[in-house]
2 protein chains.
Amino acid sequence: MIVNSIQNINSWITQIHNDFKAAVSVDCVIFGYDDSSLKILISRCDMPPYENELSLLGDLVHPDETTDEAAKRVLLAKTGFDDVYLDQVQVFSSTDRHPLGRVITVAYYSLVKIDDDHLAHIGSNDFLLWKPVYEVSSLAFDHIEIMQTCLRKLQKQLREQPIGFKLLPKKFSLLQLQRLYEVILNIKLDKRNFRRKLKSLGILKELGEIQESVSHRPASLYAFDEKIYEKKKKSGFSFEL
Amino acid sequence: MIVNSIQNINSWITQIHNDFKAAVSVDCVIFGYDDSSLKILISRCDMPPYENELSLLGDLVHPDETTDEAAKRVLLAKTGFDDVYLDQVQVFSSTDRHPLGRVITVAYYSLVKIDDDHLAHIGSNDFLLWKPVYEVSSLAFDHIEIMQTCLRKLQKQLREQPIGFKLLPKKFSLLQLQRLYEVILNIKLDKRNFRRKLKSLGILKELGEIQESVSHRPASLYAFDEKIYEKKKKSGFSFEL
DNA sequence: CCAAAAGTGTTATATTTACACCCATGC
DNA sequence: GCATGGGTGTAAATATAACACTTTTGG
């Protein structure tokens, strides 16, 4: 016997327009990398019963936008950037996850460069702060679970896609890049092997510039070459660390 | 300036309970493997304007269940199995994707063994059919896009997780397994290298049984050893094809 | 001259690829 | 006896892992 819960079109219409509606939100785990540590941008929560907690940045999805668009809107509002990297991670839909009613949320993670422009943008806002991921131990709602799931996805993606660059300044040294991988993946990498590997991928361009005013031998600077990467990708190349 | 669209708790309550509600559904791409081909289970669609099309199996998410539970419910109703492999893939939320109103859908793919029990279960149902993936060129709603996204995810997962076994009978030959990988990934594999690789992973147990009544030398039969796999996974082993 | 990071090669090991023939069974 | 898939090993090429010292700069 087939149990078919969709009886007919009238029951569909009733259900879509009345019985089975839920609020849908997006929640963004916004990753930034600064001072050799991976941070997330979080906000003071103003909703009971979580008034004294911190929470991820999110909002309800409006009737006229997709969830991707809603996530972009939240990102633009909170970081001031509209070209951030966004990755849809997972839906969280426990029936009791939100105190005010049924809210199904779509989790995204995003990668931003924490630079001076950006810090100026959020600087005046008392409700926003960057906090090292490994120091975030409690958040409102089910946001800790969302954060952990997004962190695992970031770790996986970092090994499979050239996205680490999105957390670094446009110009970076190879050691900076190595440290980023070490911090996020929580592993130790061999300097010589790492450099050989990255160079052999052929997706970095050496800029012919060097670091300035560092109290050690200045490193030469590199940038990620998006065009070459896209070309290589089309001919079957795949990034793998 | 920070644009904060969440003004206060009263506006949240209004939005959650009225303004910004949507229907949420799940859609399942149910993969089965039969007769050396990858198939999906689809249904005749009974909703205008798609009455003459085929569609994925799905339903609205009920107020008292998570999306995972809704997907399980759909699977149980349509296939009769309650222990199927389910993987949440992605949200599809175009504002115009559903003719009857705003319906945000969560796509899942699942893997089932097409066996006699199962065929008996759906046999009498005129609305359900198994169709080879590569012959499905049009579906109702945005279901073609959902199917393609799920197929790509399946292909990726197949290389990273030992899930191919879920599409095969409990006992299988190494060639059956190889054909499955070849068909789903659309590649050609070397017999000797494939066998060496799979055996070296140590997650197959040789059953000491052989095929019966085949018109060629009978192959010995293997089974996936879930326990050993789980043990190896805990100690850092990762499946990779 | 000291501290700090930059930069550079070689060797051993493990993994991957390519490749061809005889075997057992049913008809 | 023939068609069909079952089953096996080796060598070459490639990729990975381990490892230590000299160089350049600022202070």
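Just so it is clear, the values below take in all heavy atoms, side chains as well, and ignore hydrogens, waters and symmetry mates. A, B, ... follow the sequence lines: proteins, then strands. Residue 1 opens every chain.
- If you measure from atom CG of L189(B) to atom P of dC19(C), you get 15 Å, rounded to the nearest angstrom.
- The side chain of S215(A) lies closest to dG26(D), out of dG26(D), dA6(C), dG5(D).
- Between I210(B) atom CD1 and dA24(C) atom P there is a gap of 12 Å when expressed in whole angstrom units.
- Ring orientation note: the planes of F239(B) and F165(B) are nearly perpendicular, at an angle over 60° on the 30°/60° scale.
- Nearer the 5' end of DNA chain C, as judged by each residue's closest nucleotide, is the contact made by D190(A), out of D190(A) and V214(B).
- Taking NZ from K227(B) and NZ from K232(B), the interatomic distance works out to 16.0 Å, rounded to the nearest 0.5 Å.
- Taking atom CD on Q211(A) and atom C1' on dT25(D), their separation rounds to 11 Å, with Å as the unit.
- One atom, CD of E206(A), and another, C1' of dA6(C), lie 12 Å apart when rounded to the nearest Å.
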**Prompt:** Given the rule in the salt bridge (charged side-chain N to carboxylate O under 4.0 Å, His left out) test, do D27(A) and R97(A) qualify, once you have shown the distances and angles that lead to the verdict?
**Reply:** CA-CA 13 Å; D27(A) 283 300; R97(A) 59 173 297 283; 3.8 Å; yes
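- Taking atom CG on N193(B) and atom P on dA11(D), their separation rounds to 15 Å, with Å as the unit.
- If you measure from atom CG of L241(B) to atom P of dT17(C), you get 10 Å, rounded to the nearest angstrom.
- If you check dG7(D), dT8(C), dC19(D) against the side chain of K191(A), the one that comes closest is dT8(C).
- Backbone-only contact: S220(A) has heavy atoms under 4.0 Å from sugar-phosphate atoms and none from a base.
- The existence of a salt bridge linking K233(B) and E230(B) is confirmed by a sub-4.0 Å separation between a basic side-chain nitrogen and an acidic carboxylate oxygen.
- Side-chain contact annotation: S37(A) with Y134(A), donor-acceptor N/O pair under 3.5 Å absent.
- When each of dA17(D), dT24(D), dT25(C) is scored by its nearest atom to the side-chain atoms of R196(A), the top-ranked nucleotide is dA17(D).
- Atom CG in L201(A) sits roughly 14 Å away from atom C1' in dT16(D) (whole-Å rounding).
- Nearest-nucleotide assignment on DNA chain D puts the 5′-proximal partner with H216(B), out of Y222(B) and H216(B).
- Atom NZ in K197(A) sits about 16 Å away from atom C1' in dA18(D), given to the nearest Å.
- R195(A) has a side-chain polar atom (N or O) that falls below the 4.0 Å cut-off from OP1 or OP2 of dG7(C).
- Residue side chain R192(A) does not reach the base of dA17(D) through any donor-acceptor N/O pair under 3.5 Å, judged by distance alone.
- For dG7(D), the OP1/OP2 oxygens have no side-chain nitrogen or oxygen of K199(B) closer than 4.0 Å.
- Picking from dA6(C), dT25(D), dC23(C) the nucleotide with the shortest atom distance to the side chain of P218(A) gives dT25(D).
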